[in-house]
Peer 1: 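One structure coming up, written as structure tokens, with questions to follow.
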Amino acid sequence: MADAEITTLLKTGRKGQFYSRAGADNGETSMLLVAEPILGSAEKTALCDVIDSGWITMGDRVRSFERMFASVHGTDDAVAVNSCTAALHLILEALGIGRADEVLVPSLTFVATLNCVLYVGATPIFVDVASLDTPLMSIEDAEARVTPKTRAIILMHYAGYLPADEDWRSFAERHNLVIIEDAAHAVGVQGVGRYGDATAFSFYGNKNMTTAEGGMVLARDPKVLSQIRQMRGHGMTLDMRQRLKGRTPHYDVTMLGFNYRMDELRAAIGLVQLERLAIWNAKRKSLTDIYRQRLASLCPDVLVPFRAGAVTANHIMPVILPPDANRDEVVALLMQAGIQTAIHYSPVHRLSYYAKAFPDVRLPVTEAYAARELSLPLHPAMVSAQVDRVAAALADALTTL
Ligand SMILES: *Cc1c(COP(=O)(O)O)cnc(C)c1O
């Protein structure tokens, strides 16, 4: 699909869609945001339909959303939950990871990736990333940190880029580990969910598709998936809908459960968003390709991780600033030019809570990467002229300093 065509498709009658509506309210009409959801009349109609239906949680829309999400990702079934964090927690519970176990995790991630390990009482073992150019977990470093207690590894598909699957599968087999994917960045990309035992997705407001809050689980073993389904709703054998359909008031609880349910309103938004995901991801790819070209010519000292043409959902646009650049000043200059940026991520092991709990962690590549990383605006409502503007503003900021 041509860029212009996609842009036209994206123009669903929304006024000032390229800029933050929040920003417009406080007078900053031209702030280009790092991430922005696309929501419009289709979502509004879907929400009204749910309200008119009188059935507002855990009904047919949640079930349809699960089935459609599974089919988009080439699997038979999925379980919808109320966040990716809940999805990860349920996965670890269902796979029986607990107190005696160690789990390999990245530090270049959002804290939820390893909080779920702490929830089940297991020990996270931080693993470094491979290089500034490929900031995904290093298989050599993972190899060095495996112990007889290691039970699982959580791969996080940073920026939406998938790692070499054969390598990780044979690593997991060699050490008898389960593979869990934190695919919060990788919704809709070919091959996601096929690395190992279970996968968690996020539909938070800044992800490639959103339900405001929400998440999804895929699992290879149908027994694990059905256990997760039951655990999501307090461990009950029959939910409200099933009791109505089965004309029975009775249910049993056969496991310790949680309330991690998704509601019909969110599922209705999710169904609309899922239909557009492929178009939005294509737009993200074309914007990323333009970024790569513009940055190569305007800012040759800026490193753009990964390769054009790699398998990715293009969730964010990370760049590595030159070693001598003052990142805070670059951020301030871009902000003055009306461009918001972000940092993905402050390494988790450096955040106070975790630094206190795990004081001896040293991850030189993660630390070097995180010290120089800056994420530029990338979302499907952007147009190529805005990419040009960001690249030019970044070049300006770097020469000013
Ligand atoms: C957003 C995100 C999460 C958490 O998702 P929620 O749906 O907000 O719980 C987890 N991991 C990564 C890598 C994320 O980016």
Side-chain angles (χ1 to χ4, degrees), residues 33-37 62 65-66 69 78-93 103-120 124 126-127 129 135-137 152-163 179-189 192-193 195 198-218 228 232 258-263 266-267 269-270 273-274 277 281 284 305-306 312-318 342-349 351 354 366 369-370 373 375 378-379:
L33 298 179
V34 169
E36 192 179 334
V62 170
F65 184 35
E66 290 174 341
F69 191 89
V79 174
V81 290
N82 57 18
S83 71
C84 179
T85 308
L88 289 165
H89 185 190
L90 291 176
I91 288 169
L92 289 174
E93 288 280 353
V103 180
L104 301 174
V105 295
S107 183
L108 191 72
T109 188
F110 184 60
V111 293
T113 309
L114 72 143
N115 280 348
C116 64
V117 176
L118 301 177
Y119 297 163
V120 299
F126 291 99
V127 180
V129 294
L136 300 178
M137 206 187 264
I153 178 162
I154 305 182
L155 298 175
M156 197 285 262
H157 304 319
Y158 180 87
Y161 290 80
L162 301 195
I179 299 183
I180 297 156
E181 291 172 64
D182 177 346
H185 292 196
V187 65
V189 67
V192 71
Y195 284 73
T199 307
F201 295 88
S202 174
F203 308 129
Y204 184 61
N206 65 1
K207 299 305 197 301
N208 285 28
M209 60 170 279
T210 188
T211 60
E213 300 280 354
M216 193 73 80
V217 181
L218 304 180
I228 287 172
R232 153 189 80 178
F258 305 88
N259 178 3
Y260 285 163
R261 291 179 304 234
M262 176 173 273
D263 60 75
R266 288 185 167 79
I269 298 177
Q273 296 260 313
L274 195 50
L277 180 64
N281 280 358
R284 285 175 180 277
F306 303 105
T312 175
N314 295 287
H315 172 56
I316 52 173
M317 184 66 216
I343 294 167
H344 291 94
Y345 291 90
S346 281
V348 176
H349 73 282
L351 299 172
Y354 309 91
T366 294
Y369 181 92
E373 195 272 347
S375 295
L378 178 64
H379 54 78

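Order of listing sets the numbers, starting from 1, for every ligand and every atom in it. Since we're looking at a predicted model, the values are computed, not measured.
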Peer 1: Step through it carefully: locate the ring centre of Phe258, locate the ring centre of Tyr119, and say whether they are under 6.0 Å apart.
Peer 2: no

Peer 1: Quick check: are there more than 12 heavy atoms from other residues, nucleotides or ligands sitting under 6.0 Å from OH of Tyr204?
Peer 2: no

Peer 1: Report yes if the side chains of Asn82 and Glu213 come closer than 4.5 Å at any heavy-atom pair, otherwise no.
Peer 2: no

Peer 1: Heavy-atom cut-off of under 4.0 Å around ligand 1: list whichever protein residues fall inside it, by chain and number.
Peer 2: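 Ligand 1 is contacted, at a heavy-atom distance under 4.0 Å, by Ser83, Cys84, Thr85, Thr109, Phe110, Ala112, Thr113, Met156, Asp182, Ala184, His185, Ser202, Tyr204, Lys207, Gly214, Tyr345.
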
Peer 1: Evaluate the side chain to side chain contact (heavy atoms under 4.5 Å, CB included) criterion for residues Phe69 and Phe203: first the C-alpha distance (whole Å), next the side-chain angles of each, then the deciding distance (0.1 Å), finally the verdict.
Peer 2: CA-CA 12 Å; Phe69 191 89; Phe203 308 129; 3.5 Å; yes

Peer 1: Between Tyr345 and Tyr158, what is the ring plane arrangement, given parallel below 30°, perpendicular above 60°, and tilted in between?
Peer 2: perpendicular

Peer 1: Do Ile154 and Leu114 come close enough that some side-chain heavy atom pair is under 4.5 Å?
Peer 2: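 No; the side chains remain at least 4.5 Å from each other.
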
